Amino acid sequence: RAKKSLDEKICYYEANMDEASRARRAMARDLWVALEQGQFFLNFQIQRAVSSDEITGYEVLLRWQHPTQGLIPPATFIPVAEECGAISAIGDWVLEHACREAVLWNLQPRIAVNLSALQLSNAGLVEKVRAVLAATGLPAHRLELEVTETALIADRDRALHLLQQLKAMGVTIAMDDFGSGYSSLETLRSFPFDKIKLDRSFINELETSQQAKAFVRAILALGHSLNVAVLAEGVETEAQRAILEEEGCQEGQGYLFGYPALLSRLGELDQAVPPHEVQRRA
Ligand code: C2E
Ligand code: MG
Ligand code: MG
Ligand code: MG
């Protein structure tokens with residue numbers, strides 16, 4: 001009896017595993033089609049000073065309008081794109097289009113583009129960035145690249161070498177989601193970051209947790225003494241903004257300051273509707 005139920009469990013598990021991997025395979029195939037058929041588009045989200053209206057940058061966020069499944073969030077498709085290798089081509093597409101739009105709309109002072117682990121392990125990255133900047137005419141100092149700690153794990157030496165070359169070109173480097181991964185301090189010590197993006201989970205708890213506040217304070221002090229800028233992610237309320245200002249945090253990003261949106265709609269008042277509404281292609 002027990003044996004039978006174990007068998008059943010295994011069967012069930014395998015059937016589900018199959019279904020999951022079938023779904024991933026289908027999505028991998030769809031990703032290549034998406035690239036060919038222009039189903040990707042970009043949203044931009046304002047980054048700004050915590051204590052004034054000054055804009056400090058625009059983060060570029062990839063969107064996929066699937067023909068039958070609708071808008072698929074990057075958290076769902078980026079891991080699949082990493083797994084099947086499509087992220088290299090998709091990442092190139094993002095970089096080119098983001099830089100082109102930054103020139104077209106004269107986005108100042110900079111745009112911030114997310115890099116995936118696979119892009120960071122590809123030696124062609126530096127040449128790609130150089131070529132895109134040359135082709136679009138975007139000055140290197142107006143491009144920031146965001147990397148996560150997890151993206152640096154695979155091949156740390158190569159990643160370090162690539163980031164150093166990019167920095168030498170004038171591109172700035174931000175550590176994304178700081179505090180959500182592991183070995184943060186070690187990574188901070190060995191990589192030449194210009195900016196730390198404090199993970200949203202700290203900001204979330206800022207009003208309720210003394211511990212979260214203590215962490216934010218400590219990271220701000222660290223950033224200050226290392227001469228590394230600190231940006232708070234996921235600022236949603238005025239109370240959070242006020243605490244950040246009080247603690248001396250200079251930059252923020254979040255729904256309080258603006259939802260991710262098409263550039264053509266970024267300045268509109270009606271962008272104050274939930275992200276899934278504004279993200280849709282115009
Ligand atoms: P991320 O780089 O940390 O981007 C910030 C995410 O937080 C975005 O989610 C943004 O919409 C969301 N966000 C911004 N403000 C708030 C807020 O106040 N509250 C909350 N709850 N969320 C906020 P999104 O656009 O769904 O992207 C998720 C992740 O997907 C990104 O996290 C990034 O890791 C990845 N991603 C997005 N675009 C690209 C891309 O072009 N290339 C790569 N490799 N990854 C990308
Ligand atoms: Mg990011
Ligand atoms: Mg982030
Ligand atoms: Mg993230």
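Just follow the structure's listing: the first ligand is 1, and inside any ligand the first atom is 1. Positions are given from 1, in the same order as the sequence printed here. Predicted model, so just to flag it, every value in this text is computed and none were measured. Computation of the quantities below employed the complete heavy-atom set of this structure, encompassing side-chain atoms and omitting hydrogens, waters and symmetry-equivalent molecules.
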Taking 4.0 Å as the limit for heavy-atom contacts, which would you say applies to [X] with ligand 1: side chain only, backbone only, both, or neither?
X: Arg63; answer: side chain
X: Lys197; answer: neither
X: Val94; answer: side chain

Residue pairs passing the side chain to side chain donor-acceptor pair (under 3.5 Å) test where at least one lies in residues 211-228, sequence neighbours excluded:
Arg217-Glu247
Considering only N, O or S atoms, which atom of Asp177 is nearest to the Mg ion (ligand 3)?
OD1
Below 3.5 angstrom, do we get any N/O pair linking Ile78 and ligand 1?
no
Is Gln45 close to ligand 1, meaning an N/O of one under 3.5 Å from an N/O of the other?
yes
Of all N/O/S atoms in Glu146, the name of the one nearest the Mg ion (ligand 2):
OE1
Atom name of the N, O or S atom of Asp176 nearest to the Mg ion (ligand 2) is OD2
Mark yes when over 12 heavy atoms from residues, nucleotides or ligands other than Phe215 sit less than 6.0 Å from its CZ; otherwise mark no.
no
Does any N, O or S atom of Asp199, backbone or side chain, fall under 2.8 Å from the Mg ion (ligand 3)?
no
Under 2.8 Å: N/O/S of Glu233 next to the Mg ion (ligand 2):
no
2.8 Å cut-off met by an N, O or S atom of Asn114 to the Mg ion (ligand 2):
yes
So does Arg156 pair up with Glu186, basic N to acidic O under 4.0 Å?
yes
